[in-house]
Amino acid sequence: MDIARTGEVVWYVTGRFYSTTSTPAKLLDVGYFLHLQGIDAPLFADKQRSESTAFFTFAAEPFTAPSISNGGLDVGLDARGTFRLYLRDVPRASFDDPMSFAQGVCIGTFERVAIVPTVKVGISSSATLLSNVFTARLVASQRFRFTGVEYDLADLIGFGITQWGTAATETLTPPAGYGAVVPFVGSAIRVG
């Protein structure tokens, strides 16, 4: 087991942000792990790497993100919030059902320590880039077994992470109950 040191990358994720059609709109993000430092086994059930074959997923509790404008920048301010990591016996998450990412055994709970500024920049008339960074503390973890080896997120990643995320808006059809969906990728380092 290769445990990351402070400042080293501990994970790469990909997922989607969803906006509900309720008033006020709530946001949530869900996804799966492309890399989780210290796990010495494939993170997918087969060679096709996708949400439907991922053993490790995450899901945030719904949140609101009021925004401010500063010239050509729109800045969404996500409130402090909670997200959880899950280990699934049977990988079957689907972006058509965002809540399917919150299934399995909860192996870790994180709380963001401050607001998350998400910057929206229009690159052209048809392309928008979103970028954010946040720090989250690991507030609870549960030992788990994966491919016969016992792990604990507290050992693998320490007290928490700082993650940078990038998303590009594109036309994706949102599932029922959601008004918009945006794909993203994130990379996180160990904070201690």
Side-chain angles (χ1 to χ4, degrees), residues 11-36 43-44 48-69 73-88 90-123 126-136 139 161-188:
W11 74 46
Y12 296 109
V13 296
T14 191
R16 294 185 182 174
F17 287 106
Y18 293 84
S19 176
T20 65
T21 55
S22 62
T23 303
K26 295 273 189 172
L27 303 173
L28 74 139
D29 58 289
V30 300
Y32 61 96
F33 288 81
L34 302 169
H35 169 76
L36 188 54
L43 302 184
F44 298 90
Q48 177 192 352
R49 296 178 180 169
S50 72
E51 73 277 10
S52 66
T53 64
F55 285 110
F56 293 90
T57 61
F58 65 89
E61 291 182 4
F63 57 93
T64 59
S67 64
I68 62 169
S69 291
L73 298 177
D74 288 327
V75 183
L77 302 174
D78 305 354
R80 291 178 67 157
T82 302
F83 64 96
R84 292 178 176 78
L85 277 56
Y86 296 90
L87 171 60
R88 306 167 63 94
V90 180
R92 286 200 185 122
S94 170
F95 286 125
D96 291 332
D97 178 10
M99 298 321 298
S100 68
F101 289 84
Q103 296 176 6
V105 175
C106 178
I107 60 172
T109 302
F110 290 81
E111 286 184 356
R112 295 190 304 265
V113 300
I115 63 167
V116 181
T118 299
V119 179
K120 179 179 178 181
V121 180
I123 297 172
S126 62
T128 302
L129 179 69
L130 302 169
S131 177
N132 69 21
V133 63
F134 67 88
T135 296
V139 295
I161 57 93
T162 294
Q163 177 172 302
W164 287 263
T166 304
T169 58
E170 61 179 84
T171 304
L172 292 177
T173 303
Y178 298 93
V181 59
V182 176
F184 70 89
V185 64
S187 55

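- Evaluation of the salt bridge (charged side-chain N to carboxylate O under 4.0 Å, His left out) test over residues 173-185, restricted to residues two or more places apart or in two chains, returns none.
- The closest side-chain heavy-atom distance from Leu36 to Phe55 is not below 4.5 Å.
- Within the 3.5 Å criterion, the main-chain N or O of Ser94 finds a donor-acceptor partner in the side chain of Ser100.
- Rounded to the nearest 0.5 Å, atoms CG (Leu85) and OG1 (Thr109) are 8.5 Å apart.
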Inset, instruction - Decide yes or no on side-chain contact (heavy atoms from CB on, under 4.5 Å) for Ile161 and Phe134, but give the supporting numbers first. - result: CA-CA 8 Å; Ile161 57 93; Phe134 67 88; 3.9 Å; yes

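- Both cation-pi conditions hold for Arg112 and Phe63: the charged atom is under 6.0 angstrom from the six-membered ring centre and inside a 45 degree cone around its axis.
- Summarising the geometry of Thr82 relative to Glu111, their closest heavy-atom pair is OG1-CG, 3.7 Å, with the distance given to 0.1 Å.
- Residues Tyr178 and Thr173 have side chains not in contact (no heavy-atom distance under 4.5 Å, counting atoms from C-beta outward).
- In this structure, Thr14 contributes its side chain and Phe184 its backbone to a donor-acceptor pair below 3.5 Å.
- Phe56 is listed as a side-chain neighbour of Leu87, based on a closest heavy-atom distance under 4.5 Å.
- Here Trp11 contributes atom CH2 and Leu43 contributes atom CG; the two are 13.0 Å apart, rounded to the nearest 0.5 Å.
- The shortest non-hydrogen separation linking Val133 to Trp164 is CG2-NE1, 3.4 Å.
- Ring geometry for Phe83 against Phe110 counts as parallel: the plane angle stays under 30°, on a 0 to 90° scale with 60° as the upper cut.
- Minimum heavy-atom separation, Phe95 to Pro175: O-CG, 3.9 Å.
- Other residues, nucleotides and ligands place more than 12 heavy atoms under 6.0 Å from the CZ atom of Arg88.
- Under a 3.5 Å cut-off, the side chain of Tyr18 and the backbone N or O of Pro174 do not form any donor-acceptor pair.
- Of the possible polar contacts, none joining the Ser19 side chain to the Ala180 backbone as a donor-acceptor pair under 3.5 Å is found.
- Arg84 pairs by the salt bridge (charged side-chain N to carboxylate O under 4.0 Å, His left out) definition with Glu61, not counting sequence neighbours.
- Summarising the geometry of Val182 relative to Ala167, their closest heavy-atom pair is CG1-CB, 3.7 Å, with the distance given to 0.1 Å.
- The CG atom of Asp96 sits 8.0 Å away from the CD atom of Glu51 when rounded to the nearest 0.5 Å.
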Would you be so kind as to tabulate the donor-acceptor pairs closer than 3.5 Å made by side chains of residues 21-33, with sequence neighbours excluded?
| unit_1 | atom_1 | unit_2 | atom_2 | d |
| --- | --- | --- | --- | --- |
| Thr21 | OG1 | Gly177 | O | 3.4 |
| Ser22 | OG | Thr20 | OG1 | 2.8 |
| Ser22 | OG | Pro24 | O | 3.3 |

